[in-house]
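The chains referred to below are lettered A, B, ... by the order of the sequence lines, with proteins before strands, and numbering in each begins at 1. Just so you know, these numbers use all the heavy atoms, side chains as well, and skip hydrogens, waters and symmetry mates.
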There are 2 protein chains.
Amino acid sequence: MGSSARRHAHLHTRFTLDQILARLRSAGMRITKGRQQILITLLNAKRPLSLHEIQDAASQGSGAPDFTTVFRVMNTLEKMQLVQQVHLNRASRYYELLNPEEHHDHIVCTECGRVTLMVEACPVQAYQRTIERRYGYADLKHSLEFFGKCPECK
Amino acid sequence: MGSSARRHAHLHTRFTLDQILARLRSAGMRITKGRQQILITLLNAKRPLSLHEIQDAASQGSGAPDFTTVFRVMNTLEKMQLVQQVHLNRASRYYELLNPEEHHDHIVCTECGRVTLMVEACPVQAYQRTIERRYGYADLKHSLEFFGKCPECK
DNA sequence: ATACATGCAAACATTTTGCTTTGGC
DNA sequence: GCCAAAGCAAAATGTTTGCATGTAT
């Protein structure tokens, strides 16, 4: 493959670890080893992760946070709007880091479970404001997942 | 309120009970009292229901299907694409009947949990074909939910 | 009569909470 | 040293399976 594929690749404008840690600090939270491991795991993730996956990955280094810790940290990060749940129609919950500017959606294969990240601009983003006005809701976020058969499975 | 509100109300082009029963029959499935109760419950539902809610509602009449039955029937209906899961960020799964032509999405209040059905044309529907081609997926369905503060809670 | 479907009970998975101990500030 | 956070254990909740019995066809 040449550079044409790469030309379409978008810049992942993600939070940096330091930016997130600064947010935690300014919220009066403490920077523990476990939290750092979890955040590094999320930063490296190429797809949404379950709590167990986060714990496993975060335990590679020296930290090895307890499952309960992962559970509580993820709850906190979700409330702080630093992470988001992604619905993959599986038994457990999946999380991903929320990017400050960019929003992307997912395609999930109904056969093999594979998750593809969509790189185009989200078609819903533009409607959000209109919907807020029409239905009187405020602070709208959304969650959009596509389900179908991936190239391999179809 | 005058008729102006009603003017925007759309026709709920839903399956009829008989249509669904015909589909079950042609799939070689048997028409039991429990299944009928469940389907009637889904037809009357004004919002997505959990398995327990379906069981409770379906037990009003004489049928009273067991929870396991509800679980299995819903799984089957989902595979048959007659119902769909809706993600409300709650502990359990919620289901709704899938309409043959019309597709609608939901707005969920993050404070009180209230669910509002959206009546406009779904902005994603139009993109689905494009996405199928671009990513090589087939038979795409999607799930779109908005989360925010409802008029009462904001 | 013959499967298919149900009900019941038990297993399983995941999420959540209580409480004691640890460690960041 | 103080108090938030972690770890551990146990409970609560929700989902799924096995098997004997019932029932639609």
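A donor-acceptor pair under 3.5 Å is absent between the side-chain atoms of B:Glu145 and the main chain of B:Ile107, judged by distance alone. Not a single donor-acceptor pair under 3.5 Å links the side chain of A:Gln81 to the backbone N or O of A:Leu98. No donor-acceptor pair under 3.5 Å is formed between the side chain of A:Arg25 and the backbone N or O of A:Ile31.
Counting only N and O atoms by type, the side chains of B:Tyr95 and B:Ser50 include no donor and acceptor under 3.5 Å apart. Looking only at atom types and distance, the side chain of B:Thr16 has no donor-acceptor partner in the side chain of B:Asp18 under 3.5 Å away. No hydrogens or angles considered: a donor-acceptor pair under 3.5 Å links the side chains of A:Gln85 and A:Glu78.
Look at B:Thr32 and you won't find any side-chain N or O under 4.0 angstrom from OP1 or OP2 of D:dA24.
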Distances under 3.5 Å only, N/O to N/O: pair up the protein atoms with those of nucleotides 13-17 of chain C.
residue: C:dT15; atom: OP1; partner: A:Arg93; partner atom: N; Å: 3.0
residue: C:dT16; atom: OP2; partner: A:Arg93; partner atom: NH1; Å: 3.4

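At whole-Å resolution of the value, CG in B:Leu88 and C1' in D:dG14 are 15 Å apart. Rounded to whole Å, the distance from CG on A:Leu24 to C1' on C:dG24 is 13 Å. Rounded to an integer number of Å, the gap from B:Met74 CE to D:dT16 P is 13 Å. Atom CD1 in B:Ile54 sits roughly 14 Å away from atom C1' in D:dG14 (whole-Å rounding). In this entry the distance linking CD of A:Gln36 with C1' of C:dG24 reads 11 Å, nearest Å. One atom, CZ of B:Arg90, and another, C1' of D:dT15, lie 18 Å apart when rounded to the nearest Å. Rounded to an integer number of Å, the gap from CD1 of B:Ile31 to C1' of C:dA5 is 12 Å. Between A:Asn89 atom CG and D:dG14 atom C1' there is a gap of 16 Å when expressed in whole angstrom units.
A:His87 and B:His87 have parallel rings, their planes meeting at less than 30° on a 0 to 90° scale where 60° marks the start of perpendicular.
An end-to-end axis angle of 40° holds for the helix from C:dA1-D:dT25 to C:dC25-D:dG1, taken from five base pairs per end and rounded to 10°.
Put simply, the side chain of A:Arg30 and the base of C:dC25 share no donor and acceptor less than 3.5 Å apart.
Residues passing the ring pair (Phe, Tyr, Trp, His ring centres under 6.0 Å) test with B:His106 are B:His104, sequence neighbours excluded.
Two residues, A:Arg35 and B:Met29, neighbour DNA chain D, and the one matched to the more 5' nucleotide by heavy-atom proximity is A:Arg35.
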Show your reasoning for whether ring pair (Phe, Tyr, Trp, His ring centres under 6.0 Å) applies to B:Phe67 and B:His52. CA-CA 7 Å; B:Phe67 178 82; B:His52 275 295; 4.4 Å; yes
